[in-house]
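Okay, structure first, notes after.
Order of the sequence lines fixes the chain letters, A, B, ..., with proteins taken first and strands second; residue numbering starts at 1 for each chain.
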Number of protein chains: 2
Amino acid sequence: MSRPSTVERILDSAEILFAEHGFAETSLRAITSDAKVNLAAVNYHFGSKKELIQAVFGRFLDPFMAGLDQSLEDLLNNNKKMGVEEVLELLVNHILTSKPRQPNDIAIFMKLMGLAYTQNQGHLKRFLTESYGATLDRYFEMLYGSCPGLPVSDMFWRSYFILGSAIFSMSGSEALLAIAKRDHGIDDDIEAIMRRMIPFMAAGLRAHATYDEDPS
Amino acid sequence: MSRPSTVERILDSAEILFAEHGFAETSLRAITSDAKVNLAAVNYHFGSKKELIQAVFGRFLDPFMAGLDQSLEDLLNNNKKMGVEEVLELLVNHILTSKPRQPNDIAIFMKLMGLAYTQNQGHLKRFLTESYGATLDRYFEMLYGSCPGLPVSDMFWRSYFILGSAIFSMSGSEALLAIAKRDHGIDDDIEAIMRRMIPFMAAGLRAHATYDEDPS
DNA sequence: AGGTGTTTCAAACCTACGTTTGAAAATCAT
DNA sequence: ATGATTTTCAAACGTAGGTTTGAAACACCT
């Protein structure tokens with residue numbers, strides 16, 4: 001087994017360190033030192049720190065989103081009506097079956113997704129919406145279709161409510177799993193959290209409309 | 001009306017700039033320049049940037065949490081059984097009636113709360129749990145009490161699901177409200193978002209347990 | 001008014017960071 | 001093998017940031 005290329009070594013280290021400490025708080029020196037490559041290698045191979053951040057996301061999301069897009073395509077062709085739980089489960093299963101390079105890859109990447117939403121990195125949000133926005137829109141369209149009779153206004157906000165639940169609990173999963181174990185003897189893993197999210201989200205989406213609007 | 005004290009001017013500027021750009025991305029120079037005070041004033045009055053961050057939170061949360069604690073105290077004395085919606089509404093109303101110094105104070109502070117959870121500022125999390133953890137625990141205890149029959153494991157995770165929903169949608173409310181208006185003609189404000197959260201969360205909390213555990 | 005403690009101020013200090021440079025080393029093609 | 005290209009490396013550059021300093025300005029008390 002040969003030593004991974006410099007590019008891969010950098011991406012591997014950056015992925016972990018970014019997830020652990022955030023983007024601004026992780027220096028290129030920390031990354032290159034962890035990756036055991038020269039400091040200048042990042043600028044040589046990626047151009048800048050910003051482009052490195054995007055590359056970290058691209059390496060994971062490119063295959064993931066392509067696969068998700070394919071699944072959505074197939075389902076739309078079959079046009080079988082799907083329930084809320086099924087649509088949610090589709091995504092969960094897709095995440096769980098996406099081949100992780102390392103055992104706790106999922107946790108790391110959930111943390112990164114959380115950071116992408118919460119850290120003020122304009123370039124990253126732009127990169128993500130430009131690259132994967134279309135696929136995400138298709139997914140939420142399908143989710144919307146599984147909630148007949150719900151006003152768009154509520155559907156709009158509830159999309160973000162479930163997004164917030166997912167990102168918050170997933171990206172903090174490491175700490176939360178430890179608390180759950182220590183304080184309540186709950187022996188879950190990250191898959192269990194996702195499974196627990198489904199009934200919660202499905203019920204929330206199915207709740208009566210907030211205001212007695214006429215869903216015209 | 002006299003010019004506000006240096007300390008207040010710093011807190012006012014820091015509050016807004018932190019909410020807008022995050023902690024690490026906001027320099028003391030930006031804050032002091034916005035507040036029209038000398039650079040050294042922060043270190044003189046607060047000691048360090050970290051302590052300034054904590055002071056920003058303390059100024060808002062001290063009275064807020066004291067009030068919440070009082071409400072919880074009163075309710076526990078009356079020991080009337082409360083439903084999920086009522087417990088959620090208690091918090092929402094408490095937020096809405098907490099006197100804002102400025103019109104969009106709530107939005108700013110929701111953003112700060114989001115940052116507190118997502119930015120990797122260990123000292124801040126420590127400060128918040130030490131200062132207000134007890135009150136928050138009491139609130140979640142009350143919420144737990146309003147969901148009879150739900151296993152602790154689900155209640156534990158669902159607490160974080162609703163926390164995530166709230167923090168995510170509230171802290172991004174500015175941008176999301178604009179999108180809602182532009183793309184769907186939804187004319188909400190931050191209060192409307194909170195009201196919309198209640199049925200969603202209540203239904204999610206009331207959903208059947210994830211696994212068919214025996215709630216012993 | 002004079003003395004004391006507090007607050008402001010400009011300047012400097014020092015560290016950490018992203019990026020650049022130019023030469024050395026390694027890789028590859030012919 | 002040799003020349004060209006790509007990759008690595010140590011060192012330096014420039015900047016921006018948090019913090020410190022010491023003197024000046026101010027406020028308060030008697």
Side-chain angles (χ1 to χ4, degrees), chain A residues 1-59 112 115-116 119-124 126-127, chain B residues 1-59 112 115-116 119-124 126-127:
Chain A
M1 54 186 275
S2 65
R3 161 181 166 131
S5 74
T6 301
V7 170
E8 282 170 39
R9 296 180 63 81
I10 293 174
L11 287 174
D12 288 342
S13 294
E15 189 172 276
I16 293 171
L17 292 176
F18 281 152
E20 203 159 347
H21 304 113
F23 304 119
E25 296 79 2
T26 303
S27 67
L28 294 187
R29 283 172 172 82
I31 294 170
T32 53
S33 139
D34 182 85
K36 293 184 177 53
V37 302
N38 187 273
L39 167 61
V42 169
N43 289 283
Y44 177 75
H45 286 287
F46 296 94
S48 67
K49 186 178 181 180
K50 286 183 183 180
E51 288 166 286
L52 169 62
I53 295 175
Q54 294 174 9
V56 167
F57 280 84
R59 179 169 68 153
L112 285 177
L115 290 179
Q119 310 239 130
N120 302 62
Q121 301 267 347
H123 69 97
L124 182 54
R126 245 171 287 133
F127 169 77
Chain B
M1 53 186 277
S2 64
R3 160 181 166 130
S5 75
T6 301
V7 170
E8 282 171 37
R9 298 181 61 81
I10 292 174
L11 287 174
D12 287 342
S13 294
E15 188 173 278
I16 294 171
L17 292 175
F18 282 152
E20 203 159 348
H21 304 113
F23 305 119
E25 296 80 1
T26 303
S27 66
L28 294 187
R29 283 171 173 81
I31 293 171
T32 53
S33 137
D34 182 85
K36 294 183 177 53
V37 302
N38 187 272
L39 168 60
V42 169
N43 289 283
Y44 176 75
H45 286 287
F46 297 94
S48 67
K49 187 178 182 180
K50 286 184 183 180
E51 288 165 285
L52 169 61
I53 295 174
Q54 295 175 8
V56 167
F57 280 84
R59 180 171 66 155
L112 285 177
L115 290 179
Q119 309 242 128
N120 302 61
Q121 302 267 348
H123 69 96
L124 182 54
R126 244 170 288 132
F127 169 76

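Taking B:F57 as the reference, B:F109 meet the ring-ring contact (aromatic ring centres under 6.0 Å, His included) condition, with sequence neighbours excluded. With sequence neighbours excluded, the residues that form a ring-ring contact (aromatic ring centres under 6.0 Å, His included) with A:F23 are A:F18. A search for side chain to side chain contact (heavy atoms under 4.5 Å, CB included) contacts involving B:E8 returns B:P4, B:S5, not counting sequence neighbours. Remark: B:F46 pairs with no residue by the ring-ring contact (aromatic ring centres under 6.0 Å, His included) rule, at least two apart or across chains. Shown here are the side chain to side chain contact (heavy atoms under 4.5 Å, CB included) partners of B:E25, two or more places apart in sequence or in another chain: A:A24, B:H21, B:Q119.
For residues 28-51 of chain B, every residue pair satisfying the side chain to side chain donor-acceptor pair (under 3.5 Å) rule, not counting sequence neighbours, is listed here: B:S13-B:D34, B:S48-B:E51.
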Distances for protein N or O near nucleotides 23-25 of chain D N or O, under 3.5 Å:
none

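Interface residues of residues 46-55 of chain A facing DNA chain D, ordered by number: none; criterion, heavy-atom separation under 4.0 Å. Within residues 20-42 of chain B, the residues having any heavy atom closer than 4.0 Å to DNA chain C are, in order of number, B:R29, B:N38, B:A40.
No side-chain heavy atom of B:I16 sits under 4.5 Å from any side-chain heavy atom of B:D12.
Among the candidates B:H123, B:Q121, B:R126, the single residue satisfying the side chain to side chain contact (heavy atoms under 4.5 Å, CB included) test with B:Q54 is B:H123.
Across all their heavy atoms, A:A41 and A:I10 have their closest contact at CB-CD1, 3.9 Å. Taking all atoms of both residues into account, the shortest heavy-atom contact from B:A30 to B:L17 is O-CD1, 3.7 Å.
Between the CG atom of B:N43 and the P atom of D:dG18 there is a distance of 9 Å, given to the nearest Å.
Between the CG atom of B:L39 and the CG atom of B:L28 there is a distance of 6.5 Å, given to the nearest 0.5 Å. Here the CD atom belonging to A:E20 is positioned 11.0 Å from the CG atom belonging to A:L112, to the nearest 0.5 angstrom.
Protein chain B contacts DNA chain C over a range whose 5' and 3' limits, counting nucleotides with an atom under 4.0 angstrom from a non-hydrogen atom, are C:dT6 to C:dA12.
Terminal axes of the helix from C:dA1-D:dT30 to C:dT30-D:dA1 (five pairs each, C1' rotation axis) are separated by 10°, to the nearest 10°.
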